[in-house]
Colleague: 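What follows is a structure written as structure tokens; I'll ask about it next.
Remember, predicted model here, so these are calculated numbers, not experimental data.
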Amino acid sequence: IYTLSYTLSLHDALPICLLVEGSRHRGVEIDLGATARLIGCYVAGTRKLDTPEGFGLSAAGGAQVRLQDVRLTDNTFCGMSAGSTGTMLEGDGVVVDHTATTSNSGTGLILFDNARVRLRGSRISANHTLGILVQHGSVMRANGLLVDDTRAPPAKALLGFSQAIQANA
């Protein structure tokens, strides 16, 4: 059901549809105040060599991002992140699942440094360590969001939280 072709536009002239597999460090990065609309995208297997960091989708620097029917799967460290003042990420029908590093840690969604996220009819599932982490003045609003099956490995039995909220979030 995912679109395999893409049109690239950072200023919302046309929606972006992507198939991204096996990227290093960031599958999709939207930064520096850019505006993007992603429909029917599939981002999988993002990994960075020599570190556990790999982000499926990263929005920062005041980016304005709309997601519709997007799946971020099998990425390392973080499936989706939003960070910095002015950054807004809105999503309908977003699935973030199976985020894990080789050491079996990984977070589905991370918000930090005053970012804003709004999700509707979405699912954050089968991520290791945390489903959602909200930090440093960030705000998350959700309607019809399912966070399930967060899977801490036995060696990290105290982890495996569906969500964590920290530092004035």
Side-chain angles (χ1 to χ4, degrees), residues 1-2 18-30 38 40-49 51-60 63 65-84 87-169:
I1 300 179
Y2 295 100
L18 302 167
L19 169 66
V20 179
E21 290 185 312
S23 293
R24 294 200 175 133
H25 193 52
R26 302 253 195 291
V28 176
E29 183 173 41
I30 303 151
L38 296 104
C41 297
Y42 181 87
V43 180
T46 304
R47 302 198 177 348
K48 185 175 180 185
L49 298 178
T51 73
E53 292 184 13
F55 293 78
L57 182 140
S58 175
V65 182
R66 284 277 297 128
L67 307 174
Q68 182 178 335
D69 301 323
V70 169
R71 183 168 183 206
L72 306 163
T73 188
D74 192 33
N75 297 292
T76 61
F77 187 67
C78 180
M80 180 166 64
S81 72
S84 72
T87 299
M88 178 65 176
L89 194 151
E90 293 186 70
D92 292 298
V94 175
V95 175
V96 181
D97 61 354
H98 299 285
T99 306
T101 64
T102 55
S103 63
N104 285 319
S105 63
T107 300
L109 170 61
I110 298 175
L111 288 72
F112 60 96
D113 294 340
N114 302 303
R116 307 257 186 263
V117 172
R118 182 175 300 134
L119 293 176
R120 289 175 291 278
S122 297
R123 184 174 188 187
I124 298 177
S125 180
N127 298 291
H128 293 253
T129 313
L130 288 168
I132 302 170
L133 177 59
V134 182
Q135 298 179 309
H136 311 292
S138 295
V139 175
M140 179 170 176
R141 299 182 191 274
N143 184 358
L145 173 65
L146 174 62
V147 181
D148 68 338
D149 202 19
T150 304
R151 306 167 176 221
K156 296 184 180 190
L158 295 177
L159 298 174
F161 301 111
S162 61
Q163 57 242 316
I165 301 169
Q166 301 175 347
N168 300 319

Colleague: Once you round to the nearest 0.5 Å, how far does CG of L89 lie from CG of L109?
Modeller: 8.0 Å
Colleague: R123 and side chain to side chain contact (heavy atoms under 4.5 Å, CB included): which partner among V147, V96, D97, D148?
Modeller: D148
Colleague: Give me the atom names and distance for the closest heavy-atom approach of A82 to T87.
Modeller: CB-CG2, 4.3 Å
Colleague: What is the minimum heavy-atom distance between L130 and N127, and which atoms define it?
Modeller: O-CB, 3.8 Å
Colleague: Just verifying a value: how many Å separate I30 CD1 and L67 CG, rounded to the nearest 0.5 Å?
Modeller: 7.0 Å
Colleague: For a 4.5 angstrom cut-off between non-hydrogen side-chain atoms, does V20 reach V28?
Modeller: yes
Colleague: Quick one: does any side-chain atom of S138 pair with a main-chain N or O of V134 as donor and acceptor, under 3.5 Å?
Modeller: no
Colleague: Working to the nearest 0.5 angstrom, can you tell me the gap between E21 CD and T73 OG1?
Modeller: 10.0 Å
Colleague: Among all residues two or more places apart in sequence or in another chain, which pass the side-chain hydrogen bond (donor to acceptor under 3.5 Å, both in side chains) test with D92?
Modeller: R66, R120
Colleague: Any heavy-atom pair between the side chains of H98 and D149 that's under 4.5 Å?
Modeller: no
Colleague: Minimum heavy-atom separation for G91 to S122, with atom names?
Modeller: O-OG, 4.1 Å
Colleague: Decide yes or no on side-chain contact (heavy atoms from CB on, under 4.5 Å) for V43 and R26, but give the supporting numbers first.
Modeller: CA-CA 10 Å; V43 180; R26 302 253 195 291; over 6 Å; no
Colleague: Begin from the C-alpha positions of I132 and I124 and carry the test side-chain contact (heavy atoms from CB on, under 4.5 Å) through to its verdict.
Modeller: CA-CA 8 Å; I132 302 170; I124 298 177; 3.7 Å; yes
Colleague: Of E90, M140, M88, R141, which meets side chain to side chain contact (heavy atoms under 4.5 Å, CB included) against R116?
Modeller: M88
Colleague: Counting C-beta onward and ignoring hydrogens, is there a side-chain heavy-atom pair between V65 and L38 closer than 4.5 Å?
Modeller: yes
Colleague: When rounded to the nearest 0.5 angstrom, what is the spacing between CG in L57 and OG in S81?
Modeller: 7.0 Å
Colleague: CD1 of I110 to CZ of F77: how many Å apart, nearest 0.5 Å?
Modeller: 4.5 Å
Colleague: What distance do L111 atom CG and H136 atom NE2 have between them, rounded to the nearest 0.5 Å?
Modeller: 11.0 Å
Colleague: May I ask you to establish whether R71 and Y42 are in a cation-pi arrangement, using a distance under 6.0 Å from NZ or CZ to the six-membered ring centre and at most 45° from the ring axis?
Modeller: no
Colleague: Take V94 and M80 through the test side-chain contact (heavy atoms from CB on, under 4.5 Å) and record every step on the way to the result.
Modeller: CA-CA 10 Å; V94 175; M80 180 166 64; 4.2 Å; yes
Colleague: Keeping N75 on the side-chain end and T46 on the backbone end, is there a donor-acceptor pair under 3.5 Å?
Modeller: yes
